[in-house]
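The sequence lines fix the lettering, A, B, ..., with proteins before strands; numbering per chain opens at 1.
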Amino acid sequence: NAGVTQTPKFRILKIGQSMTLQCTQDMNHNYMYWYRQDPGMGLKLIYYSVGAGITDKGEVPNGYNVSRSTTEDFPLRLELAAPSQTSVYFCASSYEGQHYGYTFGSGTRLTVV
Amino acid sequence: KQEVTQIPAALSVPEGENLVLNCSFTDSAIYNLQWFRQDPGKGLTSLLLIQSSQREQTSGRLNASLDKSSGRSTLYIAASQPGDSATYLCALGSGNTGKLIFGQGTTLQVKP
């Protein structure tokens, strides 16, 4: 049972480039989330989804986009990367939003130069 | 707006000591509260989940309490071990969508 898998683990982008962070889970969780963690800080919610075809903004959505075409996958798109998007990105999923079984991926460390 | 604060930011203790990590929040209208552990370069692992109607949860050497009226939660670690060294984050669930609001974390070092 793989849980939540994120790819890539590390990435360096130049300012203005775009990329997609991949996230997939095999626990049949309906709820999925993207968080970012800046050094010495807690996590902040970027986007979340309560099921296939349904997404909504979190606390810090600017500069990002998401899609949820299947239950398993929840990719995060960065358009026109900026240095302020340098961070560690975590994908997570949970059972029915009740927080039971809240499972995180191992993260993607992104640097924008 | 809900704010979550964890003090201290860092803590160093000798092995075997009992310790308490603190988490405070500004709005008592919470759905639940969860404590996570984060190891360097790794993702987060859920330790304990306390529902709004509960006062505490226990798992092994860990005990988490919740006092909504005072806006506080504590994570008690008994007989600390070097393997407990990690960053501990508390997070509040504000509704049934599963969204979490995190504190900044407390980095714990347990010295042998």
Practice task
Would you kindly confirm whether A:L43 and A:Y47 end up in one hydrophobic cluster when ILVMFWY residues are joined by side chain heavy atoms under 4.5 Å apart?
Solution key: no

Practice task
Measure distances from B:Q38 to the heavy atoms of chain A and classify the residue's part below 4.5 Å as side chain, backbone, both or neither.
Solution key: side chain

Exercise for the section: Count the heavy atoms of every other residue, nucleotide or ligand shown that sit under 6.0 Å from CD1 of A:I12, and state whether that count exceeds 12. Expected result: no

Problem - Single-linkage hydrophobic cluster, 4.5 Å side-chain cutoff, B:L47 and B:I50 together - result: yes

Fill in the blank from the handout: If one checks every heavy atom of A:Q6 against chain B at 4.5 Å, the contacting part turns out to be neither

Completion exercise
dist B:F102:CZ -> A:M41:CE (nearest 0.5 Å) comes out at 13.0 Å

Completion exercise
Contact list (residues 48-65 of chain A to chain B, heavy-atom gap under 4.5 Å, by number) returns A:Y48, A:E59

Handout entry: A:Y89 reachable from A:Y31 in the ILVMFWY side-chain graph, under 4.5 Å edges
Key = no

Handout entry: Results of side-chain hydrogen bond (donor to acceptor under 3.5 Å, both in side chains) for A:R77 - residues two or more places apart only
Key = A:T20, A:E79

Problem - Heavy-atom donor-acceptor pair, A:Y102 side chain to B:L49 backbone, under 3.5 Å - result: no

Practice task
Could you grab the distance from atom NZ of B:K99 to atom OG of A:S94, nearest 0.5 Å is fine?
Solution key: 12.5 Å

Problem - Reported CG-to-CG distance for the pair B:L100 and A:L45, which is rounded to 0.5 angstrom - result: 8.5 Å

Practice task
Check whether A:M32 and A:W34 end up in the same hydrophobic cluster, where Ile, Leu, Val, Met, Phe, Trp and Tyr are linked by side-chain heavy atoms less than 4.5 Å apart.
Solution key: yes

Fill in the blank from the handout: The interface call for B:L44 against chain A, heavy-atom contacts under 4.5 Å, is both

Problem - Cluster overlap B:L66 with B:Y88, hydrophobic side-chain contacts below 4.5 Å - result: yes

